[in-house]
Amino acid sequence: MIALVDCNNFFASCERLFRPDLQDVPVLVLSNNDGCVVARSNEVKALGIPMGVPYFKVRDIVEQHHVRCFSSNFALYSDMSQRILGVLQRHSPNLEVYSIDEAFMELSQLPIQDFQGWGDELRREVQTDIGMPVSVGIAPTKTLAKLASSYAKKHNQTCVLDPQHNLKEYEKILSKTPVGHIWGVGWRSTPKFTRVGVRTALQLARTSESWLHSQLGITGNRMLNELNGEVAYPFSDLKEPQKSIMASRSFGHTVKNLHELESAVASFASQAAFRLRGFEQTISSFGAYLRFRTPDGETKGQSAVSHFATPTNNTPELVQAALKLVQQLYDPTYGYKKAGVFGHHLQSANICQVDLFDALPPQLRSKQKLFMQAVDSINNRYGSETIHTAAIDPNTRKWHGKKQRMSPAYTTDWSQLPLVHKAS
DNA sequence: TCTGGGGTCCTAGGACCC
DNA sequence: TCTGGGGTCCTAGGACCC
């Protein structure tokens, strides 16, 4: 059996951890740039504010009901995520971290008699130790475990879903789950199903393999198996290396000036390079992306890619490449809204096919590597961009997104520790 | 006026090979 | 006038996830 442990309203719950006064009031968290709603407490859900809605569309209702809004505070959320994983690890070493607020646990090695009791005990423990409310769903496949945990969330207790041992309960729960709530059924396919009368998860689980294949391709076959208790997505606690990387931001204000655009993109390229070094990967194809409004009011995107004969994760090299691409794409009549860099074909930094005609001699490459190590350790200690490429102009901050409602980094910055008592 | 930032997998179609 | 059959690799775009 596989358990899915899923934090309830994760970002909103994190904001509450150090603010007991927010316990029973509506709390919502905004995306970067304070653009749209990415997390909602139950009170906010009850107000009918949907997930992903642009903030300005719900501002009235937010003000009317005194909803507390926060900019997203990833320093806090990541740290809380790590702490929760620590608790889960005490129960099972077989952990597959699925996202910042979810993890699968493989249970077949554990001597568990009563799954429901086990799950409820785990929930109590995370609540007591961290203060985070979580839901637990337990089932023979990941798809069913996801389904169980979303059912568990509504009923405030662990949900065990097993067609082999309790068909009645399985049918009851699947028949109450709308087809669009199934893992892998998105807003595009939902209408395809409801149009032909397939409205619930149970109805989907009873369709034929050939029909579901005609609708979703091979994904359909897997979904059907998983819904019927046969594993198509095996549990795996091995972390596969990433295949692509991306660093991008929407701008706080429209940017027209090339210098500013370059500064932003140089910063994204540096970020990407830093992350690549973190997981010991290099990249051979690297691109830049710009999103803009044309003089006739149309919003469009454009991108360009360059290639490296010798794969790299060297900041100056990536910054230089990105700048060239931006200069290539730039049009002074456009108003730029967003920019980013991306890379594909990541490969291990330790196994590297060198280019026979590399412009840089190998000694210089290894010197560069040491140099980047030094820069990283300084930035890790004193804050990112303590040392940065000169292409990043600290005076052009216009592109920085809005973050007007950020809570303190309570647990990751000495200067922002929560204040318990202020001596007078 | 104001709409995030990461990722994954699958498929179709084009270019190419013999 | 007639124009095969079997592959591979790459890319762009779509759909999905959190």
Side-chain angles (χ1 to χ4, degrees), chain A residues 4-12 28-40 49-60 62 69-74 77-78 81 96-104 142-143 146-147 149-150 179-193 213-223 232-233 236 239-254 264 268 271-272 275-276 279 281 284-285 287 289 291 293 297 299 301 303 305 307 335 337-346 400-404:
Chain A
L4 177 69
V5 183
D6 187 357
C7 299
N8 300 346
N9 318 326
F10 183 56
F11 296 172
L28 71 73
V29 179
L30 297 167
S31 65
N32 236 311
N33 216 13
D34 294 345
C36 52
V37 176
V38 291
R40 307 159 297 156
I49 295 179
M51 180 69 168
V53 71
Y55 176 67
F56 71 91
K57 284 193 178 170
V58 292
R59 185 177 294 138
D60 287 350
V62 161
C69 297
F70 291 90
S71 303
S72 29
N73 179 350
F74 277 95
Y77 309 154
S78 314
S81 180
E96 179 181 339
V97 181
Y98 180 64
S99 74
I100 193 166
D101 71 332
E102 278 174 65
F104 290 106
K142 287 183 176 174
T143 305
K146 290 280 285 185
L147 210 146
S149 93
S150 82
V179 71
H181 290 194
I182 299 171
W183 196 34
V185 179
W187 64 279
R188 281 290 205 176
S189 356
T190 302
K192 282 196 229 170
F193 294 137
H213 184 271
S214 73
Q215 300 299 307
L216 298 179
I218 191 152
T219 321
N221 299 31
R222 290 177 187 154
M223 191 179 291
Y233 301 109
S236 163
K239 218 169 169 271
E240 292 288 321
Q242 233 171 272
K243 294 177 177 166
S244 64
I245 189 170
M246 187 180 236
S248 71
R249 281 288 176 279
S250 293
F251 298 149
H253 303 274
T254 302
F268 304 149
Q271 238 185 76
R275 272 158 51 198
L276 282 170
F279 28 80
Q281 297 275 305
S284 58
S285 106
Y289 166 86
R291 188 164 177 80
R293 192 182 292 246
T299 303
S303 62
V305 180
H307 299 272
K337 302 279 185 193
K338 177 181 180 176
V341 299
F342 55 87
H344 300 293
H345 312 298
L346 269 69
H400 276 231
K402 282 172 258 182
K403 279 221 173 244
Q404 291 167 346

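As a basis for the values below, the full set of heavy atoms in this structure was taken, side chains included, without hydrogen atoms, waters or symmetry mates. We name chains A, B, ... by the order of the sequence lines, and we start the count at 1 in each one.
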Open item on the list: Determine whether a donor-acceptor pair (N or O, by modelled atom type, separation under 3.5 Å) exists between the side chain of A/Ser81 and the backbone of A/Ile100.
Closed with: yes

- [ ] Could you check whether A/Lys146 gets within reach of a base, just the sugar-phosphate, or nothing at all, counting any heavy atom under 4.0 Å?
- [x] sugar-phosphate

Task: Position toward the 5' end of DNA chain B (nearest nucleotide), A/Arg59 or A/Phe251 - done: A/Arg59

Open item on the list: Taking any heavy-atom pair under 4.0 Å as a contact, classify A/Asn33: base, sugar-phosphate, or nothing.
Closed with: nothing

Open item on the list: Treating A/Ser31 as the side-chain partner and A/Val38 as the backbone partner, does any N or O pair qualify as donor plus acceptor under 3.5 Å?
Closed with: no

TODO: Indicate, with a heavy-atom threshold strictly under 4.0 Å, whether A/Arg291 touches base, sugar-phosphate, or nothing.
DONE: nothing

Open item on the list: Donor-acceptor pair, distance only, cut-off 3.5 Å: does the side chain of A/Arg275 make one with the backbone of A/Met246?
Closed with: yes

Task: Backbone N/O of A/Phe74 and side chain of A/Ser78: donor-acceptor pair under 3.5 Å - done: yes

- [ ] Report which part of the nucleic acid A/Asp101 touches: base, sugar-phosphate, or nothing (heavy-atom distance under 4.0 Å, all strands).
- [x] sugar-phosphate

TODO: Name the nucleic acid region contacted by A/Lys192, choosing base, sugar-phosphate or nothing; use a 4.0 angstrom heavy-atom cut-off, strictly under.
DONE: nothing

TODO: Indicate, with a heavy-atom threshold strictly under 4.0 Å, whether A/Val185 touches base, sugar-phosphate, or nothing.
DONE: sugar-phosphate

Open item on the list: Just to be sure I understand the rule, does A/Phe10 reach a base, reach only the sugar-phosphate, or reach nothing, if contact means heavy atoms closer than 4.0 Å?
Closed with: nothing

Open item on the list: Is the ring pair A/Phe251/A/Phe268 parallel, tilted or perpendicular, if the boundaries are 30 and 60 degrees?
Closed with: parallel

Task: Nearest-nucleotide 5' precedence on DNA chain B, A/Ile218 against A/Thr254 - done: A/Thr254

Task: Strand DNA chain C in bracket notation, Watson-Crick/G-U under 3.5 Å with | for pairs to another chain - done: ....||||||||||||||

TODO: Enumerate the residues from residues 240-249 of chain A whose closest heavy atom to DNA chain C is under 4.0 Å, giving them by residue number; use none for an empty result.
DONE: none

- [ ] Check every strand shown and say whether A/Leu346 touches a base, only sugar-phosphate, or nothing at a heavy-atom separation below 4.0 Å.
- [x] nothing

TODO: Walking along DNA chain B from 5' to 3', note the first and the last nucleotide with an atom under 4.0 Å from a heavy atom of chain A, and give both.
DONE: B/dC2 to B/dT11

- [ ] Please answer whether the main-chain N or O of A/Ser72 pairs with a side-chain N or O of A/Lys403 as donor and acceptor at a distance below 3.5 Å.
- [x] yes

